[in-house]
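Notes follow once the structure below has been shown.
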2 protein chains.
Amino acid sequence: MSGTHTDVPSVIAFDLPLPVSVREYESCALTDVLRRVGDKWSVLLVVLLGRGPRRFNELHRVIDGISQRMLTRTLRGLERDGLVARTVHPTVPPSVEYALTDLGAALLVPLSAVADWAVDHHAGIESARDDYDTAGGAPVPAPPGEGAAVPGRRSPVPGGGGPEGHPR
Amino acid sequence: MSGTHTDVPSVIAFDLPLPVSVREYESCALTDVLRRVGDKWSVLLVVLLGRGPRRFNELHRVIDGISQRMLTRTLRGLERDGLVARTVHPTVPPSVEYALTDLGAALLVPLSAVADWAVDHHAGIESARDDYDTAGGAPVPAPPGEGAAVPGRRSPVPGGGGPEGHPR
DNA sequence: CAGTATCCTATTTGATACTG
DNA sequence: CAGTATCAAATAGGATACTG
């Protein structure tokens, strides 16, 4: 474990004012982008459209798990934020094409950084999860029935240097 | 608007298999990381802890808008995923210190890429939003009462090249 | 084809009160 | 101090049926 703070060359590192008010936090650019992209389908659509324009049902077919409702809603959200362009071709029946805008295509770049990090460290995350879960994730709220219910839990801290009074 | 796909040097660009099944999508590393980080408080905590270890109430004070419940839950989630380490000092009253692990500190790097992109393009997103909203965001579902209700909407496509039958 | 409309469930977040 | 427990509200997401 490090514990010591790393120097990150970014907007993130410099002096973010403390305390952080909810107002500024919610109007923060990073927060906003992460929430845009943190929903269930947006990134997948951006990545897919990164390979070229697609029509509505083409996306619907190719994604499989998505509902029509969510496909529409997600595309609308991306369109609203200027990441995707929607073009209606006046044929009958209508044909609607979705494509990334320049803004949307640009988003693929930082997204790629996250993606690369994710594949590199996903195993670490999953094993951390397993450790946490098997070592006793739940606070053991008195399991009903038999005894001996997961004795050890989080940070036993055996070195009992008795009470010294608390700092500050 | 581009429309033509960009070449992104990443895990994202190469052949993601189509159609995408829900299973593989939900077990995807990128998806997983984005959902971890796409919630309301995780990133803020990671960034804050990037500046050094903090105690529970220290974080609570400094964040302001967060409830005790969400602070606990978010920290637990980060701890479970191995991004944050929790250390209990056996004093009385107890003192608990949270710090980024190496994994958590490493996350700051790709996060910075997103943050930088976000501040660079946030204005573009917001103006796109404004355009979309003022140009008529809602489908105008027959506004009750007076007439002349927001005439123009999305992509009028005036060049009416009549029906040509649909492709494919 | 490309949606809308409606209904319903699950998850997330917050507010409040209590505790070792 | 550092939580947990409980309740309530908001939001996200899905299933299904209908439409220009």
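Proteins get letters first, then strands, A, B, ... in listed order; numbering begins at 1 in each.
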- prompt: A/L71 CG to C/dT4 P: how many Å, rounded?
  reply: 11 Å
query: When you match B/E26 and A/P94 each to their closest nucleotide on DNA chain D, which lands nearer the 5' end?
result: B/E26
message: Just N and O in the side chain of B/R76: are any of them under 4.0 Å from OP1 or OP2 of D/dT4?
response: yes
statement: Rounded to whole Å, NE2 of B/H60 lies from P of C/dT16 at a distance of 12 Å
statement: Note: contacts of residues 33-40 of chain B with DNA chain C (heavy atom, under 4.0 Å) are B/D39, B/K40
- prompt: OP1 or OP2 of D/dA12 sitting under 4.0 Å from any side-chain N/O of A/R69?
  reply: no
- request: Indicate yes or no for a side-chain donor-acceptor contact from A/S95 to the backbone of A/H89 under 3.5 Å, with no hydrogens or angles considered.
  value: no
- request: Tell me the partner of C/dT13, counting only Watson-Crick (N1-N3 plus N6-O4 or O6-N4) or G-U wobble (N1-O2 and O6-N3) with both under 3.5 Å; none if nothing fits.
  value: D/dA8
message: Rounded to whole Å, how long is the line connecting atom CD1 of B/I63 with atom C1' of D/dA2?
response: 15 Å
- request: Could you tell me the separation between the CG atom of A/D64 and the CG atom of A/L59, rounded to the nearest 0.5 Å?
  value: 13.0 Å
task: Let me know the distance between CG of A/L75 and P of C/dC1, rounded to the nearest Å.
output: 16 Å
- prompt: Between B/R73 and B/D39, is a salt bridge (Lys or Arg N to Asp or Glu O under 4.0 Å) present by the stated rule, with each step listed?
  reply: CA-CA 11 Å; B/R73 288 178 58 92; B/D39 68 352; over 6 Å; no
- prompt: B/F56 CZ to D/dC1 P: how many Å, rounded?
  reply: 11 Å
message: For D/dC1 and B/Y98 - does any side-chain N or O of the residue sit under 4.0 Å from the phosphate oxygens OP1/OP2?
response: no
field: Length of the CE-C1' vector between A/M70 and D/dT11, whole Å
entry: 11 Å
query: Do you know which two heavy atoms are closest between B/Y132 and A/R76, and how far apart they sit?
result: OH-CD, 3.4 Å
query: Could you give the CG-to-C1' distance, from B/L59 to D/dG3, as a whole number of Å?
result: 14 Å
query: Of all heavy-atom pairs between A/A118 and B/V33, which one has the smallest distance, and what is that distance?
result: CB-CG2, 3.5 Å
query: Partner of D/dG14 by Watson-Crick or G-U wobble geometry, both contacts under 3.5 Å, or none?
result: C/dC7
query: What orientation do B/F56 and B/H60 show, parallel under 30°, tilted 30 to 60°, or perpendicular over 60°?
result: perpendicular
- prompt: With A/W41, which of A/L48, A/L71, A/I63 fulfils side chain to side chain contact (heavy atoms under 4.5 Å, CB included)?
  reply: A/I63
field: Between C1' of C/dA17 and CD of B/Q68, the distance in whole Å
entry: 11 Å
task: When you get a sec, tell me which of D/dA2, D/dG14, C/dG3 is the closest nucleotide to the side chain of A/W41?
output: D/dG14
- prompt: Below 4.0 angstrom from OP1 or OP2 of C/dA2, is there any side-chain N or O of A/R55?
  reply: yes
